[in-house]
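As structure tokens, the structure follows; a few thoughts come after it.
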Protein chains: 2
Amino acid sequence: MSDSQTQVGRPRAFDLDKALQKALEVFWEKGYEGASLPDLTEAMGINKPSLYAAFGNKEQLFLKAVELYENRPCAFFKPALLQPTAYQVAEHMLFGAAAANADPSHPKGCVVVQGALSCSDSANNVKQALIEKRRNGELQLQQRLEQAKAAGELPADADCGALASYLVVQIQGMSIQAASGASAERLQQVAAIALQGFKAMLQPG
Amino acid sequence: MSDSQTQVGRPRAFDLDKALQKALEVFWEKGYEGASLPDLTEAMGINKPSLYAAFGNKEQLFLKAVELYENRPCAFFKPALLQPTAYQVAEHMLFGAAAANADPSHPKGCVVVQGALSCSDSANNVKQALIEKRRNGELQLQQRLEQAKAAGELPADADCGALASYLVVQIQGMSIQAASGASAERLQQVAAIALQGFKAMLQPG
DNA sequence: CTTTATTTGTACTAATCGGTAAAAAACTAA
DNA sequence: TTAGTTTTTTACCGATTAGTACAAATAAAG
């Protein structure tokens, strides 16, 4: 294993994490295919050989940027799953999505949704990777709801798969709305309506 | 005005509408930027000069394909607006979206949503045109709901803008879900939940 | 100082992108 | 048959794409 303190050779002149953050912003705005290498290198403040030496290639750079996206401090999905009740999970999920998708401090919408939705065949790996991430997130939500069902929070005949899909549809739909210019206030109104719809499903009958 | 019966010169060897239909299918699957000219010409059965002579350029071809998409017989959005009550409008909209987005006879999802969501700067015209179409559709839905509100179907304090956004979020979210591989049955379940949520907003309080 | 390892900037590659010039081909009108 | 008009085919254009070869630069190690 290499020692990160003492490394031989010319030292890297840029910060890996900051460069990846800049790459994420470019991918966030333009998507995987829409972001060209000049777009990326200019934003990252490095040139192409440095990018390839540090991150492999464009596809690996994108996947690392998405990983950073999912784990960034203001990400809302995973924390929402930790809420104590199903209702609070949904509440945090919906209002978290409303806030995050319209946050003016970064591009609108969701990278996992918009990064490679319709694309050429050469982007198929990335497209499939994002589909897998979306499915995995929905599955985690479904499992969280099944846990709540076992705890008696949901009716015995509740379809946790359908409920999870319903919530994911809200998040993904808000992502599109945000990309269309919807305001944070409007997304909050949508979240409130959606939350009422979810609440109704918590009552038996 | 030209007589469509007697036209001078070499006759066109392909059918304009069928070629446009084929172009739509390619754009539907790969998006505006993801669809290359070889992709298009191969599917349309023509070569590039014929394409440019008949449709202008790639951008104009895309916009004409979207126009065909919006007016095709199985489109659900405009017919839903003609339903007699707000509830029926929502019902047709939601279940129409569930059916259309997962229809196996064509690519999954919605061209207006996925055609140019995240893209390079060179696709900005198309991106803005699709945003405008999405906003216009939402505005039409809002106006239909305001009409229903004037007819006493909705509470006096109902926010038709928020309700329209809520319904549009369902449609656009289902489009993403379909692109992620969701089944028609699953989308119908989501539509049913969403419709219950909308129904609850029809009652005052 | 020399050697070795790594990053840097410059310049390049082959392939693909959207778009078009030019001539042959196929039709109507005279 | 001849002229005029439009479409088709082939071959090309400059620009851009992702990716890389190579040498200069910069560090630690001996």
Side-chain angles (χ1 to χ4, degrees), chain A residues 1-16 18-20 23 26-27 30-65 115-116 118-127, chain B residues 1-16 18-20 23 26-27 30-65 115-116 118-127:
Chain A
M1 299 304 158
S2 65
D3 187 348
S4 62
Q5 293 290 356
T6 64
Q7 59 178 359
V8 72
R10 180 170 176 170
R12 185 176 284 121
F14 63 96
D15 185 87
L16 269 181
K18 289 180 182 174
L20 187 58
V26 175
F27 284 130
K30 302 189 174 184
Y32 172 65
E33 286 193 308
S36 70
L37 281 176
D39 288 338
L40 293 164
T41 54
E42 187 185 2
M44 299 166 82
I46 63 179
N47 39 36
K48 281 191 281 185
S50 297
L51 188 157
Y52 278 81
F55 300 103
N57 60 14
K58 189 186 178 185
E59 180 175 325
Q60 293 172 40
L61 173 62
F62 178 81
L63 295 177
K64 285 171 184 166
S118 291
C119 48
S120 74
D121 295 336
S122 70
N124 217 40
N125 282 348
V126 168
K127 178 181 175 180
Chain B
M1 298 306 157
S2 64
D3 188 348
S4 64
Q5 292 291 356
T6 64
Q7 58 178 359
V8 72
R10 180 169 177 173
R12 184 175 284 121
F14 64 96
D15 184 87
L16 269 181
K18 288 179 183 173
L20 188 57
V26 176
F27 284 129
K30 301 189 174 183
Y32 173 65
E33 287 194 308
S36 71
L37 281 176
D39 288 338
L40 292 164
T41 54
E42 187 185 1
M44 298 165 83
I46 63 179
N47 38 35
K48 282 190 279 182
S50 297
L51 188 157
Y52 278 81
F55 300 103
N57 59 16
K58 188 186 178 184
E59 180 175 325
Q60 292 171 39
L61 173 64
F62 178 81
L63 294 177
K64 284 171 185 166
S118 291
C119 49
S120 74
D121 296 336
S122 69
N124 217 41
N125 283 346
V126 168
K127 177 181 175 181

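Protein chains get the first letters and strands the later ones, always in sequence-line order, with residue 1 at the start of each. A quick note: this is a predicted structure, and the numbers were derived from the prediction, not measured.
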Review item, nucleotides 2-4 of chain D N/O atoms under 3.5 Å of protein N/O:
none

Exercise for the section: Write down the atom of B:Ala35, the atom of B:Val26, and the distance for their closest heavy-atom approach. Expected result: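 Minimum heavy-atom contact is CB-CG1, 3.7 Å.
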Problem - Nearest atoms (heavy-atom pairs only) where A:Lys127 meets A:Ala116 - result: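 What the structure gives for the nearest pair is CG-O, 3.5 Å.
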Could you go over nucleotides 10-17 of chain C and give all protein N or O partners under 3.5 Å, atom names and distances?
none

Exercise for the section: Select one nucleotide: of D:dT7, C:dT8, D:dT20, the one nearest the side-chain heavy atoms of B:Arg12. Expected result: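 Nearest nucleotide to the side chain: D:dT7.
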Practice task
Just call it for A:Ala13: base, sugar-phosphate, or nothing, with non-hydrogen atoms closer than 4.0 Å on any strand.
Solution key: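 Sugar-phosphate contact only - A:Ala13 comes under 4.0 Å of backbone atoms but never of a base.
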Handout entry: Given DNA chain C, 5'-ward residue of the pair A:Ala53 and B:Tyr52, judged by closest heavy atom
Key =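 Between the two, 5'-proximity favours A:Ala53.
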Rounded to the nearest Å, what distance is computed from the [atom1] atom of residue [X] to the [atom2] atom of nucleotide [N]?
X	N	atom1	atom2	value
A:Phe62	D:dA18	CZ	C1'	16 Å
A:Leu51	C:dG9	CG	C1'	15 Å
A:Lys30	D:dT16	NZ	P	13 Å
B:Met44	C:dG18	CE	P	13 Å
A:Leu40	D:dG19	CG	C1'	13 Å
B:Ile46	D:dT10	CD1	P	15 Å
A:Asn125	D:dA18	CG	P	16 Å
A:Phe55	D:dA18	CZ	C1'	17 Å

Exercise for the section: Mind checking side chain to side chain contact (heavy atoms under 4.5 Å, CB included) for B:Asn125 and listing every partner two or more places apart, or none if nothing turns up? Expected result: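 Expected list: B:Glu59.
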Handout entry: Pairing residues for A:Arg12 by the side chain to side chain contact (heavy atoms under 4.5 Å, CB included) criterion, not counting sequence neighbours
Key = A:Phe14, A:Leu16, A:Ala54
Exercise for the section: Kindly state each residue pair satisfying salt bridge (Lys or Arg N to Asp or Glu O under 4.0 Å) with at least one member in residues 39-56 of chain A, sequence neighbours excluded. Expected result: A:Lys30-A:Asp39
Problem - Contact list for residues 42-64 of chain A, test ring pair (Phe, Tyr, Trp, His ring centres under 6.0 Å), sequence neighbours left out - result: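 Residue pairs passing ring pair (Phe, Tyr, Trp, His ring centres under 6.0 Å), neighbours aside: A:Phe27-A:Phe62, A:Tyr32-A:Phe62.
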Handout entry: Phosphate OP1/OP2 of D:dT8 contacted by B:Ser50 side-chain N/O (<4.0 Å)
Key = yes
Exercise for the section: Any chance you could lay out the side chain to side chain contact (heavy atoms under 4.5 Å, CB included) test for B:Asp15 and B:Leu20, step after step, and finish with the verdict? Expected result: CA-CA 9 Å; B:Asp15 184 87; B:Leu20 188 57; over 6 Å; no
Practice task
For the pair A:Asn124 and A:Asp121, evaluate side chain to side chain contact (heavy atoms under 4.5 Å, CB included) and give the outcome as yes or no after the intermediate values.
Solution key: CA-CA 5 Å; A:Asn124 217 40; A:Asp121 295 336; 5.5 Å; no
Exercise for the section: Give the intermediate values and the outcome of side chain to side chain contact (heavy atoms under 4.5 Å, CB included) for residues B:Lys64 and B:Leu61. Expected result: CA-CA 5 Å; B:Lys64 284 171 185 166; B:Leu61 173 64; 5.5 Å; no
